[in-house]
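Proteins get letters first, then strands, A, B, ... in listed order; numbering begins at 1 in each.
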There are 2 protein chains.
Amino acid sequence: MNDLINLKNKVLFYTDVDEEILGRELVKYERISLGKADFLVRPGQIVDRFYYLEKGCICYYKEEEGEIKVLEFYTEDVFFTDLPSYVNQQPSNCYLKAIESSMVFAVKKEVAEESFNNSHQLERFGRLSMQEAFMKLFSRVERMSIRSNEERYLRLLEKRPDLFQRVPNYLIASYLGMTPVGLSKLRKRLSKA
Amino acid sequence: MNDLINLKNKVLFYTDVDEEILGRELVKYERISLGKADFLVRPGQIVDRFYYLEKGCICYYKEEEGEIKVLEFYTEDVFFTDLPSYVNQQPSNCYLKAIESSMVFAVKKEVAEESFNNSHQLERFGRLSMQEAFMKLFSRVERMSIRSNEERYLRLLEKRPDLFQRVPNYLIASYLGMTPVGLSKLRKRLSKA
DNA sequence: GAAACTCGTTAAACTGGTTTAATAAATAGA
DNA sequence: TCTATTTATTAAACCAGTTTAACGAGTTTC
């Protein structure tokens with residue numbers, strides 16, 4: 001069996017969906033196993049799937065002038081994809097890379113859209129999950145514009161302590177918008193105070 | 001007559017909606033006129049409406065320790081609200097203030113939700129407009145974490161040149177995450193080069 | 001038309017980051 | 001187990017911003 005229980009609950013968290021309808025859709029998801037450092041998406045590729053991360057950790061980043069710029073870390077129980085590529089069916093310019101061995105469920109774009117067409121309930125799930133994602137992202141924008149690096153580092157430490165175990169420090173620095181050197185100095189300053 | 005043509009086209013931009021169904025919903029929108037410096041939302045207030053900006057310019061900001069932190073400028077032809085307050089029906093901690101005299105259409109939350117219930121098409125419009133808002137916000141996050149202040153200033157100048165006419169400089173500085181002094185220095189540096 | 005604000009620029013001193021480079025420590029590969 | 005690679009820290013020089021304060025040019029207000 002496919003162990004879709006978490007994915008199912010994730011959908012039901014947003015809105016009621018007929019068990020039978022939902023079941024019929026979820027079996028269409030493919031299971032993808034990723035080893036550490038495997039890529040789910042590379043630049044140039046057209047992303048035609050929406051993903052759900054069952055287990056593991058995925059780093060969403062782009063590379064510019066040889067430098068890695070981390071946009072997000074995805075961990076257990078989230079939906080994700082490279083949305084610009086997915087929506088417009090254009091070549092991605094990002095990476096989705098497993099930082100540790102991971103388990104992902106994937107649904108093809110046509111299949112997902114067919115679900116939205118066939119079920120008002122699933123369409124609603126789509127709207128509400130997108131709305132929640134938007135709100136989370138907005139509070140991130142808020143933090144980025146209002147808070148200092150130090151505040152944001154401390155908040156990350158508090159809200160996602162696991163990341164510091166699973167993810168190398170220089171990627172966290174990039175995610176916080178600074179260099180590894182800068183982060184190192186920041187940590188030192190904090191440890192003294 | 002209520003001049004709902006722009007709002008109507010905005011909805012239709014996202015997805016097909018039966019003209020009749022849409023018409024029936026749009027007449028439920030109230031029209032709100034705002035003078036320069038009028039508030040649409042103040043902290044403490046529970047936001048129970050979703051807005052469409054027909055004309056004018058609205059500044060979305062919060063105040064902390066007496067300092068204004070600009071989160072967004074809304075200009076003609078966008079949907080907006082204070083989402084955290086709207087979604088969770090909790091007191092807002094933001095302002096929505098007209099920077100110039102503005103014209104807004106507003107729909108009550110109950111009415112909007114009723115529309116989503118009654119029409120799969122409108123639910124889809126809700127999903128797709130939210131998806132687009134998410135993507136735009138994501139590219140802003142991208143810029144905030146990857147680009148320098150200078151790059152972001154130049155981009156704003158290019159993408160939203162009107163803002164520099166309508167909005168005082170110190171609000172733009174805040175939006176860009178810097179002080180008026182810092183922005184002034186940046187401009188001077190650029191004008192020399 | 002004077003007084004009171006608002007807004008933008010400048011200067012000076014400071015600070016939290018950057019870059020580059022060297023070194024140390026930890027991890028992975030054969 | 002030894003080597004090679006990756007990751008984290010430190011130092012030094014630098015720089016783009018900050019804070020505070022002062023000043024001048026517009027605007028409002030009455």
Output side-chain donor-acceptor pairs under 3.5 Å for residues 125-135 of chain A, partner residues at least two apart or in another chain, one line each.
from   : atom 1 : to     : atom 2 : distance (Å)
A:R127 : NE     : B:E123 : OE2    : 2.5
A:R127 : NH2    : B:E123 : OE2    : 3.1
A:S129 : OG     : A:F125 : O      : 2.9
A:S129 : OG     : A:G126 : O      : 3.2
A:E132 : OE1    : A:Y14  : OH     : 2.5

Kindly say whether B:E114 contributes a backbone atom to a donor-acceptor pair with the side chain of B:N117 at under 3.5 angstrom?
no
Taken to the nearest whole Å, CZ/B:R166 to C1'/C:dC7 is 19 Å
Extract from the structure each pairing of a protein N or O with an N or O of nucleotides 15-20 of chain D at less than 3.5 Å, listing the distance.
from   : atom 1 : to     : atom 2 : distance (Å)
D:dG17 : OP1    : B:N149 : ND2    : 3.2
D:dG17 : OP2    : B:R189 : NH1    : 2.8
D:dG17 : OP2    : B:R189 : NH2    : 3.4
D:dT18 : OP1    : B:T179 : N      : 2.7
D:dT18 : OP2    : B:T179 : OG1    : 2.6
D:dT18 : OP2    : B:G182 : N      : 3.4
D:dT18 : O4     : B:K185 : NZ     : 3.0

Exactly one candidate in B:K62, B:K136, B:R160 meets salt bridge (charged side-chain N to carboxylate O under 4.0 Å, His left out) with B:E72; the answer is B:R160
(message) If we count only N and O atoms by modelled type, under 3.5 Å, do the side chains of A:T75 and A:R166 hold a donor and an acceptor together?
(response) no
### Query
Do the side chain of A:S119 and the main chain of A:Q121 share a donor and acceptor less than 3.5 angstrom apart?
yes
Taken to the nearest whole Å, CG/B:L190 to P/C:dT9 is 12 Å
Protein heavy-atom contacts under 4.0 Å, written 5' to 3' over nucleotides 25-30 of chain D as B (base), S (sugar-phosphate only) or - (none), form the string ------
Residues B:Y60 and B:D82: side-chain donor-acceptor under 3.5 angstrom: yes
Rounded to whole Å, the CD1-P distance (B:I99 to C:dT6) equals 16 Å
Taken to the nearest whole Å, NZ/A:K188 to P/C:dG16 is 15 Å
When rounded to whole Å, the CG to C1' distance for the pair B:L171 and C:dG8 reads 13 Å
Rounded to whole Å, the CD-P distance (B:Q165 to C:dC7) equals 16 Å
When rounded to whole Å, the CG to P distance for the pair A:N169 and D:dA8 reads 5 Å
Separation of D:dA8 atom P from A:I172 atom CD1, nearest Å, is 9 Å
Please tell me whether A:Q45 and A:S92 have a donor and an acceptor in their side chains that are separated by less than 3.5 angstrom. no
**Report entry** N/O donor-acceptor pair under 3.5 Å between A:T81 side chain and A:R49 backbone
**Finding:** yes
d(A:E67 CD, A:S174 OG) to nearest 0.5 Å is 8.0 Å
